[in-house]
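What follows is a short report on a single structure.
Here the structure is a predicted model, which means the values were calculated and not measured. Quick note on labels: first sequence line is chain A, next is B, and so on, each numbered from 1.
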Protein chains: 2
Amino acid sequence: MLKEIDNLEKYLRDAGIKPSIQRLKIFEYLVGSNSHPTVESIYSALSSQIPTLSKTTVYNTLKLFQQQGIVIIINIEDNETRFDADISYHGHFKCTVCKEVKDFPIPKHEQIEALDGHDISESHFYIKGICAKCKELNK
Amino acid sequence: MLKEIDNLEKYLRDAGIKPSIQRLKIFEYLVGSNSHPTVESIYSALSSQIPTLSKTTVYNTLKLFQQQGIVIIINIEDNETRFDADISYHGHFKCTVCKEVKDFPIPKHEQIEALDGHDISESHFYIKGICAKCKELNK
DNA sequence: GTATCTGCAAAACATTTGCAATTCT
DNA sequence: AGAATTGCAAATGTTTTGCAGATAC
């Protein structure tokens, strides 16, 4: 699932996105992190490397990435929007204790009869609970 | 799935919620509507009936309902929080044309192996696309 | 009469917009 | 130079908080 750092520039170009430094760094951060970061955490993480970076650019860039189909939005909580550069079909689990959001594979699910006749463009599966690690610590 | 209007007061009491007029009306609206309303639409719909109603009360009440487990939050879009008084296991489909959010039944899903050892407290399945009605109109 | 609940006003956040400065070609 | 991109500052929108008044028991 992990993309090659070497190919990031080409990957952006192929998606119709001119790879500016800001865009490259933001995408690199998304690909390299497995934390499904928010705008805030992307901005904090990169502003030391790119001191002039603004949140507006982070917002603009993520919107562009989303429009060009190279990132998806994760709405697992109503008060935080997260982003994921892994656009393959998978679910997201958030631990309510350690707050981490992890991917999990979903079996390509059976046809949902109730949606016959509808065109499906996007689907998201979110699960919340307590992860094994946090369960263990609280014993 | 539809609850009896006669029982709403008891339903709230049983959930540990004192049924004030505001709370009753808000819950009645949630149960009676199949539109999965936002704070804004609940407020607009009820402020003619309860002219002194404030949005703060709508926010307070919905948070209380959620804490007591009688409503769930629907985060199908990042820019709108919707509420549902149907707390049974079901999915939500949003049509990107008519903007309607509809319920759909999901087969009680198979054990997800990747989540073995984790405690699941909540799960949401969101699908977006174009509903059959809108597809038909655009032919 | 004490607790709780409500609702106004202000504060806190998150996101968007307008526009001028910068960068790229 | 011309077009696209960036980033500041202000505007917008949503949700929360503090607190005073109203209501319920």
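Sorted by residue number, the members of residues 48-58 of chain A with any non-hydrogen atom under 4.0 Å from DNA chain D read Thr52(A), Leu53(A), Ser54(A), Thr56(A), Thr57(A). Residues from residues 35-46 of chain B lying near DNA chain D, meaning a heavy-atom separation below 4.0 Å, are absent.
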Using a 3.5 Å cut-off and no angle test, enumerate the donor-acceptor pairs between side-chain atoms of residues 61-74 of chain B and protein atoms at least two apart in sequence or in another chain.
{"from": "Thr61(B)", "atom 1": "OG1", "to": "Thr57(B)", "atom 2": "O", "distance (Å)": "2.6"}
{"from": "Gln68(B)", "atom 1": "NE2", "to": "Ala15(B)", "atom 2": "O", "distance (Å)": "2.8"}

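Residue Gln67(B) contributes atom CD, which lies 12 Å from atom P of dC5(C) at whole-angstrom precision. Atom P of nucleotide dC5(C) and atom NZ of Lys18(B) are separated by 5 Å, given to the nearest angstrom. Between the CD atom of Gln22(A) and the P atom of dT22(C) there is a distance of 14 Å, given to the nearest Å. What separates CG of Leu24(B) from P of dT6(C) is a distance of 10 Å, to the nearest Å. As a whole-Å value, the separation of Leu62(A) CG from dT15(C) C1' is 12 Å. The interatomic distance linking Lys25(B) (NZ) with dT6(C) (C1') rounds to 17 Å, in whole Å.
Other residues sharing the hydrophobic cluster of Leu137(A), ordered by chain and number and joined by side-chain separations under 4.5 Å: none, the residue standing alone. Ile130(B) forms part of a hydrophobic cluster together with Val97(B), judged by ILVMFWY side-chain heavy-atom separations under 4.5 Å.
Residue Ser47(B) comes nearest to Leu53(B) through the heavy atom pair N-CD2, 4.5 Å, listed as atom of the first residue, atom of the second, then distance.
The neighbour count for Lys25(B) NZ, taken as heavy atoms of other residues, nucleotides or ligands under 6.0 Å away, does not exceed 12.
Among pairs with a residue in residues 89-107 of chain B, those fulfilling salt bridge (Lys or Arg N to Asp or Glu O under 4.0 Å) read Glu77(B)-Lys94(B), Glu80(B)-Lys94(B), at least two apart in sequence or across chains. Applying the salt bridge (Lys or Arg N to Asp or Glu O under 4.0 Å) test to every pair with at least one member in residues 40-52 of chain B, sequence neighbours left out, gives these pairs: Glu40(B)-Lys55(B).
With 3.5 Å as the limit, one finds a donor-acceptor pair spanning the side chains of Ser41(B) and Thr38(B).
With sequence neighbours excluded, the residues that form a ring pair (Phe, Tyr, Trp, His ring centres under 6.0 Å) with His118(B) are Phe93(A). When the ring pair (Phe, Tyr, Trp, His ring centres under 6.0 Å) test is applied to His92(B), the partners found at least two apart in sequence or on another chain are His36(B), His90(B).
In the hydrophobic cluster analysis, where Ile, Leu, Val, Met, Phe, Trp and Tyr join through side-chain heavy atoms closer than 4.5 angstrom, Tyr59(B) is grouped together with Leu30(B). Side-chain heavy atoms closer than 4.5 Å link hydrophobic residues (I, L, V, M, F, W, Y) into clusters, and following such links, even through other members, never connects Ile87(B) to Tyr126(A). Placement of Ile127(A) and Val101(A) in two distinct hydrophobic clusters is found when ILVMFWY residues are connected by side-chain heavy-atom separations under 4.5 Å, directly or transitively.
Contacts between chain A and DNA chain D, taken as any atom within less than 4.0 angstrom of a protein heavy atom, begin and end at dA4(D) to dA9(D).
How far CG of Asn75(B) is from NE2 of His124(B): 7.5 Å, rounded to the nearest 0.5 Å.
Counting only heavy atoms from C-beta outward, the side chains of Tyr11(B) and Pro19(B) never approach each other to under 4.5 Å.
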Detail all sub-3.5 Å separations between protein N/O atoms and N/O atoms belonging to nucleotides 23-25 of chain C.
none

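Annotation: the terminal axes of the helix from dT4(C)-dA22(D) to dT25(C)-dA1(D) meet at 20°, where each axis is the rotation carrying the C1' atoms of four end pairs onto the next four (5 pairs per end, rounded to 10°).
Of the side-chain N and O atoms in Tyr59(A), one or more sit less than 4.0 angstrom from OP1 or OP2 of dT15(C).
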